[in-house]
2 protein chains.
Amino acid sequence: MNDSVSFFEEPEDTREEILKATYEAFCEHGYSDITIQKISDKFPKSKSLLYHHYDGKDELLLDFLEFMLSQAEEQFPLRTGEGADEHIELVLDTMFLSGGILTDEDFSRAMVELRAEAAHDERYREYFTRTDRFTSRHVEYLIRSGIEQGVFQEVDPEETAAMFQVMFVGTATQKVTSNESVLEACRSEFERYIRNCLLRDDTDAD
Amino acid sequence: MNDSVSFFEEPEDTREEILKATYEAFCEHGYSDITIQKISDKFPKSKSLLYHHYDGKDELLLDFLEFMLSQAEEQFPLRTGEGADEHIELVLDTMFLSGGILTDEDFSRAMVELRAEAAHDERYREYFTRTDRFTSRHVEYLIRSGIEQGVFQEVDPEETAAMFQVMFVGTATQKVTSNESVLEACRSEFERYIRNCLLRDDTDAD
DNA sequence: AAATACTGACTGAATAGTTAGTTACAGTGC
DNA sequence: GCACTGTAACTAACTATTCAGTCAGTATTT
C-alpha cells in the first residue's frame, strides 16, 4: 500500500531513508497531521538523527517538497521521437490515468496537500511556481512543435499551455478530494477540445 | 484585510461569531496551523465557550466547512432571465475574476486548504462531493438549456459540465498556490474553447 | 585521534480538552 | 410587585498529553 512508488523502494542513504519515512507518514496521516514523531515512527533509526540531518521540521518538509517536485518533473513525459500529435496523447494519460507514477493516488494526495500549503507559505509557493513554469514551458514547446510540424492549428502556444497547466492542477485535485467521479467525462470533453481546437483537420487524408 | 467578505461582517449569534473567528484564524494562519487557541484569540468571548457550542475541534471545523460550502453554493451564479450564452459569461467571471465573493482571495485560500484536507479525511470528501455535484449539475442544466435555446451546439452536457468542474477546481487552486500567473492566458484559451466547441456558429447573423 | 553517524533520555512550550463554578434570564408561584 | 427555580451562556483555572527540539554521550568510520 505504501511503497508502490518505485523511487522510494530502496533508499540508498540516510537522507533517502528520511524522505521515504516522510512519504509514508504523509500517506498515512496527511500533511495537517504530520509530526516529527510520526516520521520517526516510519524511520528505522532514531528521531534525534532527523535533527542531525535537518535543522528542524520546516527544513525537512521543504526538502521533502523539493524531492517530490523533482520526482514529478522527472516523470513528466518529455519529447521523444514521435510527432507532437502522438506526444500529446502521453500528456493526456499523465493528466487522467491512474496507475502511473505521477498519477499514483498516494503521490497525488501528497502533492495536493503540499500544494495547498502554498496558499499560506511563500516558500512553498515559490517551489510550485518553479514546477508550474517547468510544466507550462514544456507544454508550450510541445504545442509550438506541433504547429511547426503542421499537425496543430496555429493557436497561441502560451495560452494553450496555460489551459493545460490549470487542467493538470484541476484533475489532480479533483481526483483525490471528491467522490464525484467526473474525470472520465472530463477526459472525453478535453479530447473533443483537442480535436476541435488544437489538431489540424486532416479531412483530406481521413 | 480580513472581513472583506460580507457574510462575516455582522455575526448575529454566537455560532456566527465563532465561525467568523475561525475564518479570521484561517486567513491568518492557514489550515495546518489552526488551533483552538488561535480561534479563541479572534473570538471576543472565552475559549471554553467554544467547547460549550461544539464537542471539539473536529466538529467545529466540520461546521465551518459546511458553512463555507453553503456560502459557496449560495454565491454560485444561478439561472437568471437571460439566455444561456449570456449566463455562461457569468460562470466564466466566477471562475476567473478576483474581487467577487466566490473569487475573494482569502475565501479561495481557505477553500483550497479545506479541500486538500479531503485527500485524507472521508468526511471532508463527502462534503466536497456534495458541492461538486451541485456545481456540475447546475452547469449541466445550463448547457442543456443552451442547447434547447439553440445557442449551444449539441454537445454532451454531462461531459461539458465535467470539464467546467475541473476548471473551477483548477483555477481556484492555481490562483492561490502559484505565482506563475497563468490565469489570464487560460481564460483566453477557455473562451476560445467555448466559442469553438460550445457556442453555435452565428455566421449567418454576424 | 578526529570526525561523523547515531541514540535515549530529557525539556519547556503549546496543545486539546475538562471542571467547577458564575452569570443572565425566562418562567412560575405567591 | 418579589422570591424561587431551572436552564443555557459563559468563564478562569486547571490537567494531561503531545509537540518540536536539545543534549550528553556512544558507536563507527577514517
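Every chain is numbered from 1 and lettered A, B, ... according to where its sequence line falls, protein lines coming before strand lines.
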Taking the basic N atoms (NZ, or NE/NH1/NH2) and the acidic carboxylate oxygens, is any pair closer than 4.0 Å for [X] and [Y]?
X	Y	result
A/E159	B/R187	no
B/D41	B/K47	no
B/R109	B/D106	yes
B/E122	B/R125	yes
A/R130	B/E180	no
B/R15	B/D13	no

Under 6.0 Å between the ring centres of A/F134 and A/F128?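 When the ring centroids of A/F134 and A/F128 are compared, they turn out to be at least 6.0 Å apart.
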How would you summarise protein contacts on nucleotides 14-30 of chain D per nucleotide, using B for base, S for sugar-phosphate only and - for none, with heavy-atom distances below 4.0 Å? -----SBBBB-------
Hey, could you give me each pair passing side-chain hydrogen bond (donor to acceptor under 3.5 Å, both in side chains) that has a residue in residues 139-149 of chain A? Not counting sequence neighbours.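 Counting only pairs at least two positions apart or across chains, the side-chain hydrogen bond (donor to acceptor under 3.5 Å, both in side chains) contacts touching residues 139-149 of chain A are A/E140-A/R144.
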Sort me out a list of protein N/O and nucleotides 7-10 of chain D N/O pairs below 3.5 Å, or just none if empty.
unit_1 : atom_1 : unit_2 : atom_2 : d
D/dA9  : OP2    : B/H52  : NE2    : 3.0
D/dC10 : OP1    : B/K45  : NZ     : 2.8
D/dC10 : OP2    : B/T14  : OG1    : 3.0
D/dC10 : OP2    : B/H53  : NE2    : 3.4

Could you check how far CG of B/L50 sits from C1' of C/dT18, rounded to whole Å?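 About 14 Å, once rounded to whole Å.
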